[in-house]
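Down below is the structure, laid out as structure tokens.
Here the structure is a predicted model, which means the values were calculated and not measured.
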Amino acid sequence: MIGLIATIKIKEGTAADFEAVANQLVEKVRATEEGCVHYDLYKQDDTTYVFLERYADKAALDIHRNTEHYKTIGGQMGAFMAGKPEIQILQSV
């Protein structure tokens, strides 16, 4: 299993819009990606969000990163971000 933690900082005052777009991605991933075991969005504070993700293997993570919905919706989320996300990729033990 592959775990992924993506921490995203957003611009002040954009939380509602960011959440609306990000939740579209959550729904699409859950509905269409068999290799994605877990995909959830959490709010840490008013400008910090965390995606917790789990994939069956590296191939499933690669598929996720190359889907049209990841590219399209991810691009829409970029408008609200205050910089690049911090990504941690973990191997289960």
Side-chain angles (χ1 to χ4, degrees):
M1 289 280 186
I2 303 287
L4 190 144
I5 302 168
T7 303
I8 299 172
K9 295 281 192 177
I10 63 165
K11 299 170 188 168
E12 287 281 339
T14 64
D17 293 328
F18 174 79
E19 289 177 19
V21 173
N23 279 314
Q24 289 176 26
L25 182 58
V26 171
E27 290 175 19
K28 193 71 169 177
V29 169
R30 288 179 181 172
T32 63
E33 294 183 33
E34 286 185 29
C36 182
V37 177
H38 182 86
Y39 199 87
D40 274 323
L41 177 63
Y42 297 88
K43 183 175 183 175
Q44 185 173 341
D45 56 44
D46 290 341
T47 59
T48 307
Y49 288 82
V50 177
F51 278 100
L52 297 180
E53 309 171 27
R54 190 166 191 193
Y55 299 90
D57 52 28
K58 183 164 180 338
L61 174 58
D62 291 341
I63 289 169
H64 167 70
R65 289 181 164 170
N66 288 299
T67 62
E68 192 59 37
H69 55 264
Y70 176 80
K71 293 175 185 177
T72 301
I73 300 171
Q76 293 170 1
M77 288 173 21
F80 307 109
M81 292 182 189
K84 293 187 176 215
E86 177 188 319
I87 307 293
Q88 296 175 322
I89 298 177
L90 312 164
Q91 294 281 333
S92 68
V93 292

Are [X] and [Y] side-chain neighbours, meaning at least one heavy-atom pair lies under 4.5 Å?
{"X": "Y70", "Y": "V29", "answer": "no"}
{"X": "E53", "Y": "Y39", "answer": "yes"}
{"X": "R54", "Y": "L4", "answer": "no"}
{"X": "K28", "Y": "T67", "answer": "no"}

Nearest 0.5 Å please: distance from the [atom1] atom of [X] over to the [atom2] atom of [Y].
{"X": "F18", "Y": "I8", "atom1": "CZ", "atom2": "CD1", "result": "4.0 Å"}
{"X": "H64", "Y": "T32", "atom1": "NE2", "atom2": "OG1", "result": "9.5 Å"}
{"X": "M77", "Y": "N23", "atom1": "CE", "atom2": "CG", "result": "10.0 Å"}
{"X": "I2", "Y": "C36", "atom1": "CD1", "atom2": "SG", "result": "12.0 Å"}
{"X": "L61", "Y": "N66", "atom1": "CG", "atom2": "CG", "result": "9.5 Å"}
{"X": "D57", "Y": "D62", "atom1": "CG", "atom2": "CG", "result": "8.5 Å"}

Task: Nearest atoms (heavy-atom pairs only) where L41 meets A22 - done: CD2-CB, 3.6 Å
Task: Over all atoms of both residues, closest heavy-atom pair of G35 and A60 - done: O-CB, 3.5 Å
Open item on the list: Tell me whether I63 shares a hydrophobic cluster with Y55, the cluster being built from Ile, Leu, Val, Met, Phe, Trp, Tyr side chains joined at under 4.5 Å.
Closed with: no
- [ ] Examine I89 and Y49 and state if one hydrophobic cluster contains both, with Ile, Leu, Val, Met, Phe, Trp and Tyr joined whenever side-chain heavy atoms are less than 4.5 Å apart.
- [x] yes
TODO: Kindly check if the number of other-residue, nucleotide or ligand heavy atoms within 6.0 Å of NZ (K58) is above 12?
DONE: no
Task: Donor-acceptor pair, side chain of K9 and main chain of E86, under 3.5 angstrom - done: no
TODO: Could you identify which residues cluster with I5, counting Ile, Leu, Val, Met, Phe, Trp and Tyr as linked when any side-chain heavy atoms lie under 4.5 Å apart, either directly or through a chain of such contacts?
DONE: Y42, V50, L52, L90
Open item on the list: Going by the rule side chain to side chain donor-acceptor pair (under 3.5 Å), which residues pair with D17 if we only count those two or more places apart in sequence or in a different chain?
Closed with: none
Task: Pairing residues for E33 by the salt bridge (Lys or Arg N to Asp or Glu O under 4.0 Å) criterion, not counting sequence neighbours - done: none
